[in-house]
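Here is the structure we will look at, set down as structure tokens.
Keep in mind the model is a prediction, meaning the values are calculated, not measured. Scope of the values below: all heavy atoms of this structure, side chains included, with no hydrogens, waters or symmetry mates.
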Amino acid sequence: MSNSEDVILWKIPIRSRVHVVEFEHGERTGVRVLRVDGNELYRTGQYKLTGKASFQVENLQCRVLVKAADATHLMYALKVDGKLLENYKKEHHRRWQCWTCIINGAEWRVDLDKYTMDVMANGVLVPTTGEFIDEETVTSFIVGPKATPCKIVAIGSGDIE
């Protein structure tokens, strides 16, 4: 990352990870550099103020768009899976519930796919058992080398539609 260039940062949540996209744009030099999680994916020295750069993060197609906002300013946008990042994030957060917790002294990221009830621990799908009790749903699973038992308890609102 160069201090003399403009760098735009975006964060893309994908299942149980958050990827950082950096787009470095030298408006004076024309150099464009695209990095994902610190790894350079794209570099061009071709002088062009506007345009797009396509790339992939995990299994999603992404695109940086550079457009002229007016005669003196540029506008940058990121599309993920064909949606502007803001709309993609809303959809992602509707589907996934995520927690960061300490289990046996180690940090774990636990993600629940609210559509399928799948659970991922540090990005790995873990076997679960589901139990329905009164107005609760209990999803049980095991985490870590010490096989620590964990539960996600979903409590119903009591509303029946």
Give the table of side-chain donor-acceptor pairs shorter than 3.5 Å for residues 54-61, with sequence neighbours excluded, one pair per line with atom names and distance.
{"unit_1": "S54", "atom_1": "OG", "unit_2": "R63", "atom_2": "NE", "d": "3.0"}
{"unit_1": "S54", "atom_1": "OG", "unit_2": "R63", "atom_2": "NH2", "d": "3.3"}
{"unit_1": "E58", "atom_1": "OE1", "unit_2": "R15", "atom_2": "NH1", "d": "2.7"}
{"unit_1": "E58", "atom_1": "OE2", "unit_2": "H19", "atom_2": "NE2", "d": "2.7"}
{"unit_1": "Q61", "atom_1": "NE2", "unit_2": "F55", "atom_2": "O", "d": "3.4"}

How does the hydrophobic cluster around W96 look, that is, which other residues are in it when side-chain heavy atoms under 4.5 Å mark a link?
-> M120, L125
Measuring from L9:CG to L78:CG, what's the distance to the nearest 0.5 Å?
-> 11.5 Å
Taking the hydrophobic residues Ile, Leu, Val, Met, Phe, Trp and Tyr, and joining any pair whose side-chain heavy atoms are under 4.5 Å apart, which ones share a cluster with F132?
-> none
Test side chain to side chain donor-acceptor pair (under 3.5 Å) applied to T148 - qualifying residues, sequence neighbours left out = N104
Partners of D118 by salt bridge (Lys or Arg N to Asp or Glu O under 4.0 Å), sequence neighbours excluded?
-> none
Just how far is it from atom SG of C62 to atom CG of L34, taken to the nearest 0.5 Å?
-> 9.0 Å
Any pair with a residue in residues 120-133 that passes salt bridge (Lys or Arg N to Asp or Glu O under 4.0 Å), sequence neighbours left out, goes on the list, sorted by first then second residue, please.
-> none
Sequence neighbours excluded, the answer for salt bridge (Lys or Arg N to Asp or Glu O under 4.0 Å) partners of E136 is none
Taking all non-hydrogen atoms of both residues, which atom of A68 and which atom of L74 are closest, and how far apart?
-> CA-CD2, 4.1 Å
Which other residues end up in the same hydrophobic cluster as W108, if Ile, Leu, Val, Met, Phe, Trp and Tyr are linked when side-chain heavy atoms come under 4.5 Å apart?
-> W99, I103, V110, L112, M117, V119, V126, F141, V143, I152
Taking only residues two or more places apart in sequence or in another chain, which ones pass ring-ring contact (aromatic ring centres under 6.0 Å, His included) with Y42?
-> none
Determine which pairs satisfy ring pair (Phe, Tyr, Trp, His ring centres under 6.0 Å) with at least one residue from residues 63-85, sequence neighbours left out, and list them in order.
-> H25-Y76
dist T128:OG1 -> K151:NZ (nearest 0.5 Å) comes out at 13.5 Å
Between the CH2 atom in W10 and the CG atom in L85, the distance rounded to the nearest 0.5 Å is 8.5 Å
Could you please spell out the steps behind the side chain to side chain contact (heavy atoms under 4.5 Å, CB included) verdict for R43 and V31?
-> CA-CA 7 Å; R43 177 183 290 267; V31 173; 3.9 Å; yes
L65 with V21, same ILVMFWY side-chain cluster at under 4.5 Å | no
How many angstroms lie between CD in E107 and CD1 in I102, if you round to the nearest 0.5 Å?
-> 5.0 Å
Same hydrophobic cluster for L84 and V64, using side-chain heavy-atom links shorter than 4.5 Å among ILVMFWY?
-> no
Does a sphere of radius 6.0 Å around NZ in K67 hold more than 12 heavy atoms from other residues, nucleotides or ligands, not counting ones at 6.0 Å or beyond?
-> no
Atom CZ of R35 and atom CD of E40: how far apart are they, to the nearest 0.5 Å?
-> 5.5 Å
Can you list every pair that meets salt bridge (Lys or Arg N to Asp or Glu O under 4.0 Å) and has a residue in residues 77-89, with sequence neighbours left out?
-> D81-K83, K83-E91, E86-K90
So, for I142 and A147, which heavy atoms are closest and what is the spacing to 0.1 Å?
-> CG2-CA, 3.2 Å
